[in-house]
Chemist: 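Quick one: this structure, given as C-alpha cells, is what I'll be asking you about.
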Amino acid sequence: EGLKQGQPGALITPQRREDAIRRFARVGYDCSHDLSSGALVIFTYSNDIVEQIEQRLDLEPLLLELGPILDESSRERIVFDPVDSLMVAAEHGRAVERARQLAAWVKSFGATIVLVSTDENRAVIESLMPSVRESFRFEVRESLDRVVRFMVFEKSASVPDQAVRVDPSRGISLLEHREPDGQLQNRSAAVP
C-alpha cells in the first residue's frame, strides 16, 4: 500500500530477490517498476549473517551491511519479513538485548517499521513486544460450520478482533457482519 501511495520502502528478508518479487505478485502487485525506479529496495541477508548474529550478543553484522543501504535513501516503510532469524538466541536474555538494539536502530530512520514473525519462537515475539506500538496476530476460530481467521490486536484492547479473509491473489480483506443465515459478508476495504 505504501508503494502504491508513492512511499519508498525496503524489504529485508532472507528470501531470494526473485521469491520476494513473486510474493508481491501473489497479492496482485507488480513491484518491477518500484525496483527499477529505486522506490523499493529488497535486501536479502545471507545465512552467513544469521550465523554471525547467532555467535554474538548484538546485531552488528546485519547493521553494518544494511545501514549504508538505508542511510542513502529515505525509506518511509521498512519491512523485516521474517524478523525471527535475526532475533534467534540460545537464551531469552540475548533475544531481549537484540530486540532493544533493533528497536533503537530502526527508530532512527523515522519510518513505519513492520516486523513479521512466524510465531515459531515465542521468545522472539515476547522480546519485541515492549518496542512496538501495535501488534496483531492471526488466529483461527471455529464459527458455526466453518473456520474463520481473525486479526487479533494485542496492544489495543479497544480494537475488536477482526474477521478476515486471506486470499493470496488479493491480500487480506476484512469480513463484515454475520447475516441471519450465518454467512459472513465481505467488506470492501482491504488491510494494507
Side-chain angles (χ1 to χ4, degrees), residues 1-56 58-89 95 98-99 101-121 123-125 127-128 131-138 149 151 164-173 190-192:
E1 288 303 311
L3 290 168
K4 288 178 185 177
Q5 296 171 27
Q7 299 171 344
L11 173 63
I12 294 93
T13 182
Q15 299 175 359
R16 294 177 324 153
R17 180 182 173 101
E18 297 79 22
D19 294 335
I21 292 168
R22 275 194 285 277
R23 288 184 70 198
F24 274 95
R26 280 197 315 252
V27 294
Y29 189 74
D30 180 4
C31 66
S32 57
H33 176 71
D34 298 307
L35 287 166
S36 63
S37 71
L40 173 64
V41 171
I42 297 176
F43 175 79
T44 302
Y45 57 86
S46 66
N47 285 336
D48 183 49
I49 287 178
V50 174
E51 289 172 13
Q52 289 177 42
I53 290 170
E54 286 176 355
Q55 302 294 320
R56 301 174 60 108
D58 58 29
L59 295 170
E60 187 175 351
L62 174 71
L63 305 185
L64 287 173
E65 193 165 336
L66 186 56
I69 294 168
L70 294 177
D71 284 339
E72 68 188 41
S73 61
S74 180
R75 300 287 151 192
E76 293 183 43
R77 296 187 186 204
I78 303 172
V79 178
F80 288 81
D81 185 9
V83 71
D84 302 67
S85 57
L86 301 175
M87 304 304 296
V88 168
R98 288 179 185 161
Q101 184 182 16
L102 180 65
W105 182 71
V106 296
K107 283 179 184 179
S108 72
F109 292 104
T112 298
I113 308 298
V114 178
L115 305 172
V116 178
S117 176
T118 61
D119 199 28
E120 291 175 9
N121 185 341
V124 169
I125 295 170
S127 68
L128 292 168
S131 304
V132 299
R133 186 175 339 158
E134 184 55 73
S135 172
F136 71 86
R137 62 182 158 74
F138 290 105
R149 191 174 284 167
M151 284 179 63
V164 295
R165 173 178 295 137
V166 179
D167 181 337
S169 65
R170 296 198 319 245
I172 301 169
S173 57
V191 176

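Each residue takes its place number in the sequence, starting with 1. Note that the coordinates shown come from a computational prediction; the quantities given were computed from them, not determined experimentally.
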Chemist: Taking the side chain as every heavy atom from C-beta outward, state whether Leu128 and Val83 have any atom pair closer than 4.5 Å.
Modeler: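 Result yes, sub-4.5 Å side-chain heavy-atom pair found.
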Chemist: Which pairs pass salt bridge (Lys or Arg N to Asp or Glu O under 4.0 Å) with one or both residues in residues 4-17, sequence neighbours excluded?
Modeler: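 Qualifying pairs, neighbours excluded: Glu1-Lys4, Arg16-Asp19.
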Chemist: Return the set of residues passing salt bridge (charged side-chain N to carboxylate O under 4.0 Å, His left out) with Asp34 (not counting sequence neighbours), or none when no residue passes.
Modeler: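 Not a single residue meets the salt bridge (charged side-chain N to carboxylate O under 4.0 Å, His left out) criterion with Asp34.
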Chemist: Might you point out which heavy atoms bring Arg77 and Gln7 nearest each other, and give the distance in Å?
Modeler: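 Looking at all heavy atoms of both residues, the closest pair is NE-OE1, 2.7 Å.
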Chemist: Can you list everything that forms a side-chain hydrogen bond (donor to acceptor under 3.5 Å, both in side chains) with Glu65? Sequence neighbours excluded, please.
Modeler: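 Partners of Glu65 by the side-chain hydrogen bond (donor to acceptor under 3.5 Å, both in side chains) criterion come out as none, since no residue qualifies.
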Chemist: For Pro61, does its backbone N or O pair with a side-chain atom of Gln52 as donor and acceptor, under 3.5 Å?
Modeler: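 Here the side-chain-to-backbone pair does not exist.
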Chemist: CZ of Arg98 to CG of Leu62: how many Å apart, nearest 0.5 Å?
Modeler: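 Nearest 0.5 Å value for the CZ-CG distance: 11.0 Å.
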Chemist: Identify all side-chain donor-acceptor contacts of residues 104-116 below 3.5 Å with residues at least two apart in sequence or on another chain.
Modeler:
from	atom 1	to	atom 2	distance (Å)
Ser108	OG	Trp105	O	2.5

Chemist: Atom CD1 in Ile42, atom CD in Gln15: separation rounded to 0.5 Å?
Modeler: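 Here the rounded value is 9.0 Å.
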Chemist: Side-chain contact, heavy-atom cut-off 4.5 Å: Glu76 with Gln5?
Modeler: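 Not touching, per the 4.5 Å side-chain cut-off.
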Chemist: Once side-chain contact (heavy atoms from CB on, under 4.5 Å) is applied, do any residues pair with Ser36, and if so which ones, sequence neighbours excluded?
Modeler: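 By the side-chain contact (heavy atoms from CB on, under 4.5 Å) rule, Ser36 matches His33.
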Chemist: Measure the shortest side-chain to side-chain distance between Ile49 and Leu66 over non-hydrogen atoms and say whether it is less than 4.5 angstrom.
Modeler: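 No. Closest side-chain heavy atoms not under 4.5 Å.
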Chemist: Just jot down the ring pair (Phe, Tyr, Trp, His ring centres under 6.0 Å) partners of Phe138, sequence neighbours excluded, or say none.
Modeler: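 Phe138 satisfies ring pair (Phe, Tyr, Trp, His ring centres under 6.0 Å) with Phe136 only.
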Chemist: Go through it in stages, so that I can follow the logic: the residues are Phe24 and Leu3, the test is side chain to side chain contact (heavy atoms under 4.5 Å, CB included), and I'd like the CA-CA distance, side-chain angles, deciding distance and then a yes or no.
Modeler: CA-CA 11 Å; Phe24 274 95; Leu3 290 168; 4.0 Å; yes
Chemist: Any idea which heavy atoms bring Thr44 and Pro14 closest together, and the distance?
Modeler: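 Looking at all heavy atoms of both residues, the closest pair is CG2-O, 3.7 Å.
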Chemist: Within the supplied structure, the quantity of interest is the number of heavy atoms (other residues, nucleotides, ligands) at a distance under 6.0 Å from Asn47 CG; does it exceed 12?
Modeler: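 It does not: Asn47 CG has 12 such atoms or fewer within range.
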Chemist: Which heavy atom of Pro82 sits nearest a heavy atom of Tyr45, and at what distance?
Modeler: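 Nearest pair, atom of Pro82 first, then Tyr45: O-OH, 3.2 Å.
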Chemist: Got Arg23 and Leu11 here, is their nearest side-chain heavy-atom distance under 4.5 Å?
Modeler: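 The answer is no; the side chains never approach within 4.5 Å.
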Chemist: Please collect all salt bridge (Lys or Arg N to Asp or Glu O under 4.0 Å) contacts where either partner lies in residues 35-45, sequence neighbours excluded, each pair once.
Modeler: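 Non-adjacent pairs meeting salt bridge (Lys or Arg N to Asp or Glu O under 4.0 Å): zero.
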Chemist: Tell me every residue that passes side-chain hydrogen bond (donor to acceptor under 3.5 Å, both in side chains) with Asp30, counting only those two or more places apart in sequence or in another chain.
Modeler: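 For Asp30, the residues satisfying side-chain hydrogen bond (donor to acceptor under 3.5 Å, both in side chains) (neighbours in sequence not counted) are Ser32.
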Chemist: Under the side-chain contact (heavy atoms from CB on, under 4.5 Å) test, which residues partner Ser74, sequence neighbours left out?
Modeler: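 With neighbours one apart ignored, the set is empty.
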Chemist: Going by side-chain hydrogen bond (donor to acceptor under 3.5 Å, both in side chains), name the residues that satisfy it together with Glu134, two or more places apart in sequence or in a different chain.
Modeler: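 With neighbours one apart ignored, the set is Ser156.
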Chemist: Got a second to check how far Ser117's OG is from Arg137's CZ, nearest 0.5 Å?
Modeler: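 Result: 12.5 Å between the selected atoms.
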Chemist: Looking at residues at least two apart in the chain, or sitting in another chain, which of them share a side-chain hydrogen bond (donor to acceptor under 3.5 Å, both in side chains) with Ser131?
Modeler: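 So Ser131 forms no side-chain hydrogen bond (donor to acceptor under 3.5 Å, both in side chains) with any residue.
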Chemist: Could you state the interatomic distance from CG (Leu86) to CD1 (Ile12), rounded to the nearest 0.5 Å?
Modeler: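 Rounded to the nearest 0.5 Å, the CG-CD1 separation comes to 9.0 Å.
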